[in-house]
Structures are given as structure tokens and as C-alpha cells.
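Written out below as C-alpha cells is the structure these notes cover.
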Amino acid sequence: MIEPNLSVKIGSLTMRTPVTTGSGTFGFGSETADLVDLTKLGAITVKATTTKPRIGNPPVRMVETPAGLLNAIGLQNGGVDNYLEEKVAFLRRYDVPVIVNVPGENPDDFAYVVRRISEAGAADAFELNISCPNVAHGLDFATDPKSAAEVVTACRRATELPLIAKLSPNVTDMRPIAKAAEEAGADALSMINTVIGTSIDARTRRFRLANRTGGLSGPAIKPIALFHVWRCAQTVNIPIIGMGGIMNATDAVEFLLAGASAVAVGTVNFINPNAAVEISEGIAAYLAENGFTDVRDIVGTVSE
Amino acid sequence: MIRRVLAPVLRNERLAAPGHHVLTFSAPELAATAQPGQFIVVAADTGAQLLRRPFSVFNADPATGEASILFSLHGPTSRAMAQYALGDTLDLIGPLGGRSYTPDPRPGARHILVGGGYGVPPLAFFARKLIAADRDAHVVLVDGARTRELLVGTEGLDEIGVILRPCTDDGTCGFHGRVTGVLEEMLNEDVPTTVYTCGPAAMMRAVAQMAMERNVPCQVTMEVFMPCGMGICMGCAVGKPDGTYVRGCVEGPVFEAREISWSA
């Protein structure tokens, strides 16, 4: 049997499999390197990197909910200098593309981090995190087409590398924002970021998260994510990296059928850090079993 | 090396304490490398829980390749584990934890291990390691529980030379009162001492404060909720005195008491 082609292109970036890691669910690659052959990933999407170090939110930061995980980490990270000095060397030891997730409080912040990392050759693509629900201003960009476009435009001037706009589902309709990001020069879209939510402890009558609200991930949000991917795929002409509750290869295939060109796996990494590799293998098996020779042949082919 | 292991279950002993079990499994690499204070994360196919659950290593024997955890019925994962028997497999990742208990290196040092409830298993493992390294080591385990039958995890320790000082809230065994009652008396003696503690947050705070006030070194295991245990989720934040946070799993779980913010 011929091995089906799994490689996909996200702008000028070639991923040898259509599976990457969700930002914030895979650290900077080194933490679980004992458990994962990193070169078998389509790309490593690393934890968010900001202009300056961020302390993050006080605990409690995470709560498990039915079929889901509610988090409010608050973008704890060492900042761009720390990324360049301490994180990138490890990642570059492996033959695997690196996608750096970049949040910011204004378009200049985004562009600054993108330029610094781009000039250092320390990434192969950027995921613009215009939709983090757990920090002030994080969501603002992804709830308004004009703001989203401003961030993409500023970053477009700062790098030649592919830009992936990560969009929020916490809006009435994601399509105008997706379209605005595309028109501003985004090479791809990541969707969906987490769904905003909260959890309350009836016994103590308190919020479970110190931040009160958090972003919900995990299987609980998969139907929401599939819906938005499917709808946006019909609106934009750039590739979509689909994400939201993918636990196994079947889930990943569903996203491809809905119109995603690639997928990211997040929460499942906390349970099995090798999930992205196993899901890639599972996609290959699905394609072979169903007579497809190329993963691209199933993208967006869902029918009634 | 951190490994995911589908470990064959060897034994599942039900303890006298209601709902308490010791699960022993074969995991040679883990058994050879796990240090006291380190833990594993377990996935049980319950359909009801998404994340793995952490369990401190209770014993690890490099000679036999066997390791064990001591747990009580708490939620779906532990209820599933309670049913495991010879022939089943335990889906674990480990050993996890970036820092384990470090023995006080001073000659003649007294090691006071203070535990309560869930905190006793890693201390019992540490006590065995201390004695294995030096059969004359001065090791005292002060363990507290509500009542006699809930004192778990100390079986066999007195036989190898560990001095046991049980404490019960109801006076049914040992000292009638809290572990700090016994600890305070011991800390007033002029012996070079290090305190090692693991247990409920309020107990550890009281123990750490008592040690710090007397300038006695104190190592604490921070049993914060660990969503992944591997350093990738940033969920198990432990506050430091300077207002920043570190990960309980990889920067800990064992910390010097002075490294931690005890406010709140």
C-alpha cells in the first residue's frame, strides 16, 4: 500500500504532517522530549511569547469540568529575550518547524516580538494570539474586524514569515473577522481559541478560578470549533488550522472534512504528550483505509 | 527519563483504613530512578475524567522492579484503580517532579518527617531511603490523622528503625492532638534537625512556620492541583515570596519552606 501524502502548506511553511501542537499545551518542546519524537510533528507551536516577562495569574488557574478544562494561566512566560536566549536553541536541534504564538496589548507589541524573533531566525511562522480570553485586551482584537486587521497589518510589515491569525469563538459571527485577517495579509487562520466560561463552587459559594473566568478547552468545545471552522472555510481562501477538543485521529479527520487544512491538538497533550504523533499516524491510516492518497483530498469534503 | 508505561498490576492491597489501597505494579525503570517526593500521573479509562491524576510514589524497589502508590477513594480515577487486580495495567507517566527530598547532610542530623493523610506515602518512601543509605540514621515520622484507623502508610517502618510518633485528633492512638504538638516539643531539643513535610495545606503551613521561626531547615511538598504534572500546562502555580509563580510539578514538588509564599 502506498503511504498517503500527509504534508500540507500553511502559506510558505511546509508541515510534513497536518498536526501541530496547541500553543500553551506543549511548553517549549523540551519538557516532554523524553516522551515524543519531536521530528514527527507537523510543527511545534510553542507557548505564548510577549515583549516582557509575564508573571501570569494567581492560582487557582485550572479547573477540570465535564469533558473540558477551564484555564486562566494569564500568559505566564519569560518574554521575547528569554525565548531567544533560552528556548530556541533546544528547538533548533530538531528538524521540525517552530510556530511562535505571539500575544500583545497593541499592534506595536505584536510587531516588536514578531520582528525580534524573525530577525533572529528563531521561528518558521507566527501565530498571532489576538484572542486570549485571560488577559486585558487579549480578546479585543479578535472581536472587531478592524482591530484584527491592524494587528495583522503591523506584523505583515515586520516579517516575511507566514502569519497565522488565531481567532476567538467568543463572537456572534467569526466570518467578518476571518475575512479581515485574510485581507490584511494573514497567511492562515487558527481556530478556535478557547471558549470563555466560568466555574462556581456551590459549597464555598466562590469562583473556582482566581481569575473568575477562563477559557474552556477539551472535547466539550469540539462541536463549536467544527461549526466555526466549517463556516469560515467557506468564507476565506487561506488555510485554516482547526483546533478545539481534538483527542484522537477521528476528531482530527472531522476537522479536515469541515475545511481545515491542518489541525492543532492541545488539551490532549496533558494526558498524552505524544498525541500529535499518534494522531498523524491515525490520519494516515484513515486515508489508506478509505482509498485516499493525499490528505488534501479530504479537506472541506463534508456533505449532507 | 520520563516514560509513559503501561505497567502490569501485581497486587492491590486493601488497607484497614476504609477506602485505602496500596497498588503495586511492575515498572523497572521507574523503580530504579524514582526519588522520594516524585510522583506519577495515572489515566484510568473512566469516561468521567479527562486529566490524569497525580500520585506520590510510595515505594520503589530497584531490585525487584516494583513500585507502588498508596491511595484512597476520591474520584473516578481512584475508584477505577481500586478495582485493579493482577492482569490489569496501570497507564502511568513518570517519574515526575523536578525536585525530591534532599537528606540533611550533617553528621548525626535528625530527620523529622511530618505527614498527614495523603502526605504520608512520599515520607514513608523517604524514611526507607534514609535508612537504606545509613542504617543508623535518626529518622522520626510524625504522622497525624483524625483517628487511629486512618493512620496509614507506616507499616513496617518501626522494624527498620524509624521512630514513629502517631498523633490523632481523638486520642485513639499516640499523641492526642495535632502533629505540631509533637513537633514543637522535638524542636525545643538541641539537635541538628531538618523537617520534611507533606500533607494538608493548613498542616504544612503550621509545620513550616514552626520550623522557620526556629531557623530549622524545612522541606515541603506542595500538593497543588497538577493538571499535567509535566511542566507544560502552567496550571500548578506555586507563589514565591517575590510575587512570581513557579510550577509545582517541575520546579517542585519539594521546596524549601522559605522559597514559598505562605500568605493567603
Side-chain angles (χ1 to χ4, degrees), chain A residues 21-36 44 46-48 53-78 134 208-211 214 216-220 245 247 266-275 278, chain B residues 1-6 29-30 33 41-54 74-77 91-98 201 222-240 242-252 260-261 263-264:
Chain A
T21 55
S23 176
T25 66
F26 204 70
F28 290 92
S30 59
E31 296 86 345
T32 52
D34 284 356
L35 297 164
V36 188
I44 298 183
V46 298
K47 173 115 184 95
R54 284 184 60 97
I55 290 170
N57 290 330
V60 173
R61 291 177 170 188
M62 273 192 182
V63 175
E64 185 171 338
T65 58
L69 181 63
L70 199 55
N71 90 80
I73 305 301
L75 299 176
Q76 179 176 349
N77 79 98
N134 297 324
R208 285 202 170 89
L209 292 171
N211 192 52
L216 184 64
S217 65
M247 299 298 284
T267 302
V268 69
N269 289 318
F270 300 152
I271 302 147
N272 176 14
N274 198 41
E278 292 168 19
Chain B
M1 196 92 156
I2 300 168
R3 296 282 188 206
R4 180 178 179 195
V5 184
L6 300 177
E29 193 173 335
L30 177 86
T33 59
V41 287
V42 171
D45 193 10
T46 65
Q49 270 176 343
L50 195 56
L51 299 172
R52 289 173 181 268
R53 291 294 185 269
H74 196 72
T77 299
D91 178 350
L92 68 91
I93 295 176
L96 298 174
M222 298 308 286
E223 299 229 305
V224 292
F225 173 55
M226 291 179 186
C228 80
M230 295 173 270
I232 52 179
C233 79
M234 314 296 279
C236 57
V238 172
K240 296 202 296 177
D242 66 2
T244 63
Y245 299 103
V246 292
R247 293 165 295 183
C249 61
V250 293
E251 272 88 29
I260 306 280
S261 169
S263 57

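Predicted, not measured: the structure shown is a model, and the values here were computed from it. Convention: sequence-line order gives letters A, B, ...; per-chain numbering from 1.
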So which of A:Val63, A:Thr25, A:Val268 has the largest heavy-atom pair count under 4.5 angstrom toward chain B? A:Thr25
Who wins among A:Pro58, A:Gly218, A:Gly24 for the most heavy-atom pairs under 4.5 Å with chain B? A:Pro58
Counting heavy-atom pairs under 4.5 Å with chain A, which one of B:Pro227, B:Cys233, B:Cys228, B:Gly231 comes out on top? B:Cys233
Check A:Pro59 against B:Ala237 and note the closest heavy-atom contact, atom names and distance. CG-O, 3.6 Å
Return yes if some donor-acceptor pair links the side-chain N/O of A:Glu64 with the main-chain N/O of B:Leu50 below 3.5 Å, else return no. yes
Given heavy-atom pairs under 4.5 angstrom as the criterion, report whether the side chain, backbone, both or neither of A:Pro66 touches chain B. neither
Is a donor on one side and an acceptor on the other found under 3.5 Å between the side chain of A:Gln76 and the backbone of B:Met234? no
Other residues, nucleotides and ligands only: do more than 12 of their heavy atoms fall within 6.0 Å of CG on B:Asp45? no
Can you name the nearest heavy-atom pair linking B:Ile2 to A:Leu35, along with the distance? O-CD2, 3.5 Å
If you round to the nearest 0.5 Å, how far is CG of A:Asn272 from CD1 of B:Ile93? 6.5 Å
Under 4.5 Å heavy-atom distance to chain B, tell me which part of A:Thr65 shows up: side chain, backbone, both or neither. neither
Minimal heavy-atom distance between B:Ile232 and A:Asn269, with the atoms involved, is CD1-O, 3.8 Å
Tell me, for B:Tyr245 versus chain A, whether the close heavy atoms (under 4.5 Å) come from the side chain, the backbone, both or neither. both
CE of B:Met230 to OG1 of A:Thr32, rounded to nearest 0.5 Å, is 7.5 Å
